[in-house]
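The block underneath contains the structure these notes are about, expressed in structure tokens.
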Amino acid sequence: MNPVRNPQAEPPLLDIRGLSKHFGSGPHPVRAVSDVSFSIARGETLGLVGESGSGKSTIGRLITRLLDPNAGQMLYQDSQQGQTDLAALSAAAYRPLRARLQIIFQDPYASLNPRMRIRQVLGEALDTHGLARGAAREPRIQALLQQVGLRPEHADRLPHEFSGGQRQRIGIARALAVEPEFIVADEPLSALDVSIQAQVVNLLGDLKEQLGLTLLFISHDLDVVEYLCDRVVVLYLGRVMEMAPTATLYSRSRHPYTQALLAAAPVLDPMQRRTIIPLKGDLPSPAHPPSGCVFRTRCPQAEARCAESATPLREVSAGHWTACWRE
Ligand code: ADP
Ligand code: MG
């Protein structure tokens with residue numbers, strides 16, 4: 001179900017196939033992620049969008065193995081170990097890869113120990129992977145601070161002495177400390193003032209270029225996604241509804257869900273950005289998803305056949321996939 005690729009081209013850095021994650025047991029577990037497939041090329045920035053509860057964070061946590069999947073493959077082209085299925089690795093076998101795949105969260109404050117100075121925060125990240133020991137330590141910490149636009153003296157401060165934007169810079173520095181090649185950024189701007197968001201977006205964009213990073217950018221800000229991402233995957237109730245190169249998705253979306261998201265996004269004044277707001281009608285429970293196409297209960301164009309079977313993703317133009325029958 002992945003986009004057809006040029007066989008001569010390099011395989012994707014990460015190729016996710018049939019990924020599923022259920023929470024709870026019994027007859028009706030919460031199906032947070034169901035049979036999701038997409039890939040990310042090396043150096044690409046892939047946007048992951050969808051309403052709250054659509055499974056975005058769960059996917060980010062599966063990739064970084066903070067959660068274990070129920071099914072599926074996550075084929076990773078590791079620079080040292082060759083192709084590895086992240087889904088099949090034990091926690092112990094995944095550990096060395098943790099330096100390669102890092103995650104940045106919405107609220108870095110929640111994951112910073114309030115009593116640890118930033119030097120210690122970054123030092124701990126370096127220690128975990130045996131990097132920059134002894135005399136190499138302080139220069140590496142200074143380089144990281146500089147890389148994310150913080151000053152040398154910030155190393156001596158505690159998390160509460162920073163603004164929200166600065167704390168997100170610390171979160172980014174901590175992720176970069178271990179020299180990752182793949183970063184999952186899970187709504188990294190949501191806790192920041194609008195005036196600060198642009199700075200952090202620019203920082204992420206610059207770092208990506210400088211360090212050749214690959215980025216999975218989870219966001220509900222449709223403008224930032226359009227600005228930053230090369231391609232976008234649209235999720236609904238744990239399933240991929242549509243994926244396409246960014247310009248294609250924003251100008252010629254084919255799936256009624258994507259169209260509804262783009263139409264619902266308010267553009268009130270030029271300073272206000274388009275964000276994903278919940279559509280009218282209730283989001284079905286992921287423990288009791290509708291039969292057939294899961295979007296059909298809120299789809300303005302649903303037909304009888306939509307209830308009968310799930311609509312497989314099909315490619316409508318190069319790299320543009322939609323899970324809808326409609327032409
Ligand atoms: P998003 O990031 O798109 O808002 P999430 O991945 O956080 O969505 O959640 C997807 C679904 O999985 C939601 O219905 C959420 O309530 C559920 N979920 C997430 N984590 C857990 C968990 N640890 N236990 C039970 N349900 C969960
Ligand atoms: Mg989330």
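Heavy atoms only: backbone and side chains are in, while hydrogens, waters and symmetry mates are out. All residue numbers refer to positions in the sequence shown, counting from 1. Note that ligands are numbered from 1 as they come in the structure, with each ligand's atoms numbered from 1 the same way.
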Side-chain donor-acceptor pairs under 3.5 Å in residues 302-310, sequence neighbours left out?
| from | atom 1 | to | atom 2 | distance (Å) |
| --- | --- | --- | --- | --- |
| E303 | OE1 | R305 | NE | 3.0 |

- Message: Looking only at side-chain N and O atoms, does Q77 offer a donor or acceptor that is under 3.5 Å from a partner on R42?
- Response: no
When R231, E242, R252 are each screened for side-chain hydrogen bond (donor to acceptor under 3.5 Å, both in side chains) with H320, the one that passes is E242
Those residues with a heavy-atom separation under 4.0 Å from ligand 1 are F23, V30, A32, E51, S52, G53, S54, G55, K56, S57, T58, P286
Report for the Mg ion (ligand 2), protein N, O or S closer than 2.8 Å, by chain and number, lists S57 OG
Test side-chain hydrogen bond (donor to acceptor under 3.5 Å, both in side chains), reference H220, set E51, R274, E187, K56, output is E187
In terms of ring plane angle, is the pair F295 and H255 parallel, tilted or perpendicular, where the classes change at 30° and 60°?
-> tilted
Just by distance, with hydrogens left out, do R100 and Y76 show a side-chain donor and acceptor under 3.5 Å apart? no
**Q.** Salt bridge R119-E138, side-chain N to carboxylate O under 4.0 Å
**A.** yes
Sorted by chain and number, sequence neighbours left out, salt bridge (Lys or Arg N to Asp or Glu O under 4.0 Å) with R167 holds for none
Hydrophobic clustering (ILVMFWY, side-chain heavy atoms < 4.5 Å, transitive) - are Y227 and L207 grouped together? yes
